[in-house]
Enquirer: 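Quick one: structure below, then a few questions.
Atom set for the values below is all heavy atoms of this structure, side chains included, hydrogens, waters and symmetry mates excluded.
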Protein chains: 2
Amino acid sequence: MFTFDQLAGFIAVAEELHFGRAAERLNMTQPPLSRQIQKLEKIIGAELLERDNRKVQLTNAGKTFLEEARRLMALAERAPVSARRIASGRSGVLRIGFTAASGFSILGPLLEEIAAIIPDVDVDLQELVTGDQISRLMTGELDLGLARPPFDRETFDSHLLYQEALVLAVPAGHPLTHLARDIGPKDFKDEPLIMHSPIQARYFYDLVVRTLPIQHGNVVHTVSQVLTMVSLVAAKRGVAFVPHSATLLGIKGVEFLPLPEGGGEQVELHAIWSRRITNPALSRLLRDFEFAME
Amino acid sequence: MFTFDQLAGFIAVAEELHFGRAAERLNMTQPPLSRQIQKLEKIIGAELLERDNRKVQLTNAGKTFLEEARRLMALAERAPVSARRIASGRSGVLRIGFTAASGFSILGPLLEEIAAIIPDVDVDLQELVTGDQISRLMTGELDLGLARPPFDRETFDSHLLYQEALVLAVPAGHPLTHLARDIGPKDFKDEPLIMHSPIQARYFYDLVVRTLPIQHGNVVHTVSQVLTMVSLVAAKRGVAFVPHSATLLGIKGVEFLPLPEGGGEQVELHAIWSRRITNPALSRLLRDFEFAME
DNA sequence: ATCAAGTGATACCAGGAAGGCATCATGTTT
DNA sequence: AAACATGATGCCTTCCTGGTATCACTTGAT
């Protein structure tokens, strides 16, 4: 196999059509350059240059090999820089998981901010429930998750992104919408309830159960997606507790009622990541992100 | 600048993930290989491999550099042959990229036709996905691609070679094969589905999603090669939408069912080439080929 | 807990390749 | 014919690369 030096030598001679000047350009003397080219020609198995003791010319084979040689040199020069960029986190791929509910409010601004910090990094988005995010963060399939508690603080570092109150989603025109005062637990104790799945949406389920007296007999549907819940409310299947950002969904036929202050434990959304970071893009993001958060 | 030996060393280690075995493969001993890689990393300016005294792993930078290294080696191996061929009196080389799926049907006849038009030109074939073909067409590493939309019509001229319908591949003896009538969307709405990768096989993915109502929950595998899909179907992992030419593969244990006419948007295969042509063999081919196509 | 095995890194040495200098061979110019 | 220009060749020195032996560290078994 030939060497990059031989290629560079050949390119220089092919461009100068003069061994002496080419050697000068390469910061070497003419004799070794001559031998370099001879060796290259022997390796290729074809005459690349026609020397005439007076002038140097490219053969046809030399012309096509010159293109290949230039291409090789260009590729060889580019190859390390992309590797360097990735190693330093300025480029690469960042895989982010997010829950459906986080998409409405925080995801857009967050992505903008990420793009500002690491513009050359491709962001790969996957919608996943918290549990799936956690398992994928552990296997390294995901770099960053936008998820809800609980998660293991030993394994994961985190940053609270957002907290919001729960509101009650009711079908438009529902009697409760005409109430002059704030609604209280008694007001919906007989309402059919669309509830979070205790398995898929454990966090919401626990939060709601902890906060409010739920009559389990009232539960008419158990779902895991906020969007599904709101759609079911719009279809007058019942009422549902959803995070405040669900009001941004713009689903027709639904109204949102604030809950009494006491019943308002906040829904939290955290950015979480494994403490043993391997993706340099994430390291870089975190380093610069902490400031932006203040 | 690094050397080709270093690249070959790195590729071997990256593939074996073991210095000893890699050294054996390269017909050398392990110590110089270690130093070779160290030196390469120093030149690149980034850690490519993570050594753990027990196992070797690629870093992210290493993964991308591996691709570049393979590309460089492939280019370096091909470069001399075209020069040799020209020196030995042939008039040139035409480099054609093709997707795996296009190989079954169109490639053979096309090559015959090319041989008839430019018999003194050697054809160099490479199997590449559409995206890689496009980037190589732009760098000049490829002269002609057999690829699928989308591609930039400004940069590339093209000619529609072939279009074919999608069919549904199912395991032999599958209940759907006993259906008397044509199958419809409802028939496979509960079937586990082997889907195209939205990244690697974007064209197929978009086409299928656009054409048929896909239940994303049914997707059990995401792959990029038609052959892989058919193999998975044969292994009874699910059903898959594949182009009609896949029936020519001859994989046992798979049957192909036609889809209803309405659901049959056609899969297209184009010959594409850069508008700024430098290869004279390609110019000659295109000039005479247009007539042959009528 | 200790010992053997496996794996990558390091030390040191020998052979060879590459570059520099001097010179040659050959064709051109004056 | 003599001086010049230019690529090739001979010879020497240096540096690089690969080989052998060995180390350092981890893991798994007794």
Enquirer: Without decimals, in angstroms, what is the distance between A:Gln57 CD and D:dT6 P?
Expert: 16 Å
Enquirer: When you check the phosphate oxygens OP1 and OP2 of D:dT17, does a side-chain N or O of B:Lys39 lie under 4.0 Å from one of them?
Expert: yes
Enquirer: What do you reckon, is CD of B:Glu68 surrounded by more than 12 foreign heavy atoms closer than 6.0 Å?
Expert: yes
Enquirer: Given the structure, check if the side chain of B:Arg35 and the base of D:dG19 hold any donor-acceptor pair shorter than 3.5 Å.
Expert: yes
Enquirer: What is the distance from CG of B:Leu26 to P of D:dG18, rounded to the nearest Å?
Expert: 10 Å
Enquirer: Under 4.0 Å between a side-chain N or O of A:Thr29 and OP1 or OP2 of C:dG20?
Expert: yes
Enquirer: Over how many whole Å does the gap from B:Lys55 atom NZ to C:dG8 atom P extend?
Expert: 12 Å
Enquirer: Would you say A:Gln38 places a side-chain N or O within less than 4.0 Å of OP1 or OP2 belonging to D:dG7?
Expert: no
Enquirer: Could you go through the salt bridge (charged side-chain N to carboxylate O under 4.0 Å, His left out) check for B:Glu15 and B:Arg70 one step at a time?
Expert: CA-CA 11 Å; B:Glu15 283 175 3; B:Arg70 285 211 181 99; 3.0 Å; yes
Enquirer: Select one nucleotide: of C:dC21, D:dG7, C:dA18, the one nearest the side-chain heavy atoms of A:Pro31.
Expert: C:dC21
Enquirer: Write down the distance between CZ (B:Arg21) and P (C:dG8), rounded to a whole number of angstrom.
Expert: 8 Å
Enquirer: Verify the contact: side-chain N or O of B:Arg51 to OP1 or OP2 of C:dT7, cut-off strictly under 4.0 Å; return yes or no.
Expert: no
Enquirer: Out of D:dG18, C:dA22, C:dT10, which has the shortest distance to the side chain of B:Met28?
Expert: D:dG18
Enquirer: Stepwise, does the salt bridge (charged side-chain N to carboxylate O under 4.0 Å, His left out) test hold for B:Asp143 with B:Arg95?
Expert: CA-CA 5 Å; B:Asp143 298 309; B:Arg95 285 164 197 194; 5.0 Å; no
Enquirer: Within this structure, what is the CD1-to-P distance between A:Ile43 and C:dA17, rounded to whole angstrom?
Expert: 11 Å
Enquirer: Consider the side chain of B:Asp5, meaning its heavy atoms from C-beta on, and name the nucleotide among C:dG8, D:dG18, D:dG10 that approaches it most closely.
Expert: D:dG18
Enquirer: Rounding to a whole Å, what distance do you find between B:Glu47:CD and C:dA9:P?
Expert: 10 Å
Enquirer: Under 4.0 Å between a Lys/Arg side-chain N and an Asp/Glu carboxylate O for B:Arg71 and B:Glu141?
Expert: yes
Enquirer: Can you list the steps and then say if B:Arg51 with B:Glu41 is a salt bridge (charged side-chain N to carboxylate O under 4.0 Å, His left out)?
Expert: CA-CA 13 Å; B:Arg51 291 82 134 180; B:Glu41 286 178 320; 3.0 Å; yes
Enquirer: Nearest whole Å is fine: how far is C:dG8 P from B:Glu16 CD?
Expert: 11 Å
Enquirer: Using a cut-off of 4.0 Å on non-hydrogen atoms, how would the nucleic acid contact of A:Gln36 be classed: base, sugar-phosphate, or nothing?
Expert: sugar-phosphate
Enquirer: Ignoring backbone atoms, test whether B:Ser34 places a side-chain nitrogen or oxygen under 4.0 Å from the OP1 or OP2 oxygen of C:dG8.
Expert: no
Enquirer: side-chain contact (heavy atoms from CB on, under 4.5 Å) between A:Arg148 and A:Phe204: does it pass, once the steps are laid out?
Expert: CA-CA 9 Å; A:Arg148 305 189 190 284; A:Phe204 276 107; 3.1 Å; yes
Enquirer: Can you check the B:Leu40 CG to D:dT17 P distance for me, whole Å?
Expert: 12 Å
Enquirer: Quantify the bending of the helix from C:dA1-D:dT30 to C:dT30-D:dA1 as the angle between its end axes, each fitted on five pairs, to 10°.
Expert: 10°
Enquirer: Hey, can you tell me if A:Phe10 and A:Phe65 have their rings parallel, tilted or perpendicular (30° and 60° cut-offs)?
Expert: tilted
Enquirer: Using a cut-off of less than 4.0 Å, is there contact between a side-chain N or O of A:His18 and OP1 or OP2 of D:dA5?
Expert: no
Enquirer: Would you say the side chain of A:His270 lies within less than 4.5 Å of the side chain of A:Leu146, judging by non-hydrogen atoms?
Expert: no
Enquirer: Within the structure shown, what part of the strands sits under 4.0 Å from B:Gln30 by heavy-atom distance: base, sugar-phosphate, or nothing?
Expert: base
